[in-house]
Amino acid sequence: NAGVMQNPRHLVRRRGQEARLRCSPMKGHSHVYWYRQLPEEGLKFMVYLQKENIIDESGMPKERFSAEFPKEGPSILRIQQVVRGDSAAYFCASSLLAGDYYEQYFGPGTRLTVT
Amino acid sequence: GIQVEQSPPDLILQEGANSTLRCNFSDSVNNLQWFHQNPWGQLINLFYIPSGTKQNGRLSATTVATERYSLLYISSSQTTDSGVYFCAVTSRYSGAGSYQLTFGKGTKLSVIP
C-alpha cells in the first residue's frame, strides 16, 4: 500500500517564478493537509482540503499561495512569484477521514529553494 | 491556541543507551502523534496515541491525556535513531480548526557510536 507521494522532492526556482508542488494521498484517503517547515520555525499548518473543496486555509499566506484538490489527480500547492522567504520544506499529509480523530500520514516533503 | 512543549530540546546518547522524550500540551486533545524527522528531512510516522500505551519494536509511547503529557521511550538506541522527534496534537476545542496538527519544536537526538 503506497504511502503519501510528493513530487518533486527538490525544487529550485528563481525569484519571481512559479512553484507547483504535487501531493498524491494514500489510497482511499480523501482528506489532504499541507504543512510548511521554515528554517528555525518548526512545522506549521497551511491548508486542509477535501476533493474539490478547500475546508480551511487559515494558515495560508494571503497572497501568492493557492491550493487545490481536484476530483481527479493530485493535490497542488501553487506559489506564484516566489521570494527567498518561501524557501522551506513543504509537507503533505492525508487521512482517511477528518483528521481530528484520525491519524495523518505524511509524505516525504518537497524542499523548495528560491535563488 | 493549544501549546505543545517538548523536552529536552537536545539529547546526545551513546549507542545502546535508553532515553525518554516528553511532550506536554496545554489543553485536551483529540489526536496526538509522534514523528521522527530523519537527517534527510523525511517525516516518519511513529505513533498515533491520543491515550494509552503502544509499542513498536524498540520504541514505545504513553499518553496520559488527563494530565496532558505524552512520553516516547527509545530503548537500546542506534545511530539510525538520530534526528528530530516531534510531537503533534489536534485540540479538542478548536472547533473548525480541530484537525490542524500543532507541532512542538522537537527534540534533537544524536546517537553516537
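Since the model is a prediction, treat every value here as computed from it, not as a measurement. To find a chain, count down the sequence lines: A is the first, B the second, and so on, and within it residues start at 1. Atoms considered below: every heavy atom in the structure, side chains included; atoms not considered: hydrogens, waters and symmetry mates.
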Enquirer: Indicate if W34(B) and L11(B) have the same hydrophobic cluster label, given that clusters are the connected sets of ILVMFWY residues with side-chain heavy-atom separations under 4.5 angstrom.
Expert: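 Cluster IDs for W34(B) and L11(B) match.
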Enquirer: Answer yes or no: are there more than 12 heavy-atom neighbours, outside R15(A) itself, under 6.0 Å from its atom CZ?
Expert: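 Check fails, neighbour count at 12 or below.
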Enquirer: Does I55(A) share a hydrophobic cluster with I76(A), counting links as ILVMFWY side-chain heavy atoms below 4.5 Å and allowing steps through other members?
Expert: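 No; tracing contacts between hydrophobic side chains, which count when under 4.5 Å, never links both residues.
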Enquirer: Please assess Q100(B) against S58(A) for the test side-chain hydrogen bond (donor to acceptor under 3.5 Å, both in side chains), listing each intermediate value before the final yes or no.
Expert: CA-CA 10 Å; Q100(B) 300 177 16; S58(A) 60; 3.2 Å; yes
Enquirer: Around atom CD of E5(B), are there more than 12 heavy atoms of other residues, nucleotides or ligands at under 6.0 Å?
Expert: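 Not more than 12 within 6.0 Å, no.
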Enquirer: Checking E41(A) against chain B: side chain, backbone, both or neither under 4.5 Å from a heavy atom?
Expert: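 Neither part; nothing is under 4.5 Å.
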Enquirer: Are F106(A) and N45(B) close enough that some pair of their side-chain heavy atoms sits under 4.5 Å apart?
Expert: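 F106(A) reaches N45(B) side chain to side chain.
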Enquirer: Starting from M60(A), can I reach L21(A) by hopping between I/L/V/M/F/W/Y residues whose side chains sit under 4.5 Å apart?
Expert: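 They do share one cluster, since a chain of ILVMFWY contacts under 4.5 Å joins L21(A) to M60(A).
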Enquirer: I'd like to know whether Q104(A) forms a side-chain contact (heavy atoms from CB on, under 4.5 Å) with F35(B), so could you lay out the CA-CA distance, the side-chain angles of the two residues, the decisive distance to 0.1 Å, and finally the verdict.
Expert: CA-CA 11 Å; Q104(A) 294 184 28; F35(B) 299 90; 5.7 Å; no
Enquirer: Looking only at heavy atoms and a cut-off of under 4.5 Å, which of R111(A), K44(A), R9(A) has the most pairs with chain B?
Expert: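 Of the options given, most contacts go to R111(A).
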Enquirer: I need the minimum non-hydrogen distance between E103(A) and N31(B), along with the two atoms involved.
Expert: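 Minimum heavy-atom separation between E103(A) and N31(B): CA-ND2, 4.5 Å.
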Enquirer: I'd like to know if F45(A) and V32(A) are part of one continuous hydrophobic network [Ile/Leu/Val/Met/Phe/Trp/Tyr, side-chain heavy atoms within less than 4.5 Å].
Expert: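 No.
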Enquirer: How long is the span from the CG atom in L101(B) to the OH atom in Y33(A), to the nearest 0.5 Å?
Expert: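 Interatomic distance, L101(B) CG to Y33(A) OH, rounded to 0.5 Å: 8.0 Å.
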Enquirer: Considering only heavy atoms, which portion of F91(A) lies under 4.5 Å from any heavy atom of chain B: side chain, backbone, both, or neither?
Expert: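 Side chain only.
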Enquirer: Assert yes or no for the condition that the ring centre distance of Y35(A) to F103(B) is strictly below 6.0 Å.
Expert: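 Here the rings of F103(B) and Y35(A) have centres that are less than 6.0 Å from each other.
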Enquirer: Group every Ile, Leu, Val, Met, Phe, Trp and Tyr by side-chain heavy-atom contacts under 4.5 Å, then state whether F25(B) and L72(B) land in the same group.
Expert: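 Both belong to a single hydrophobic cluster.
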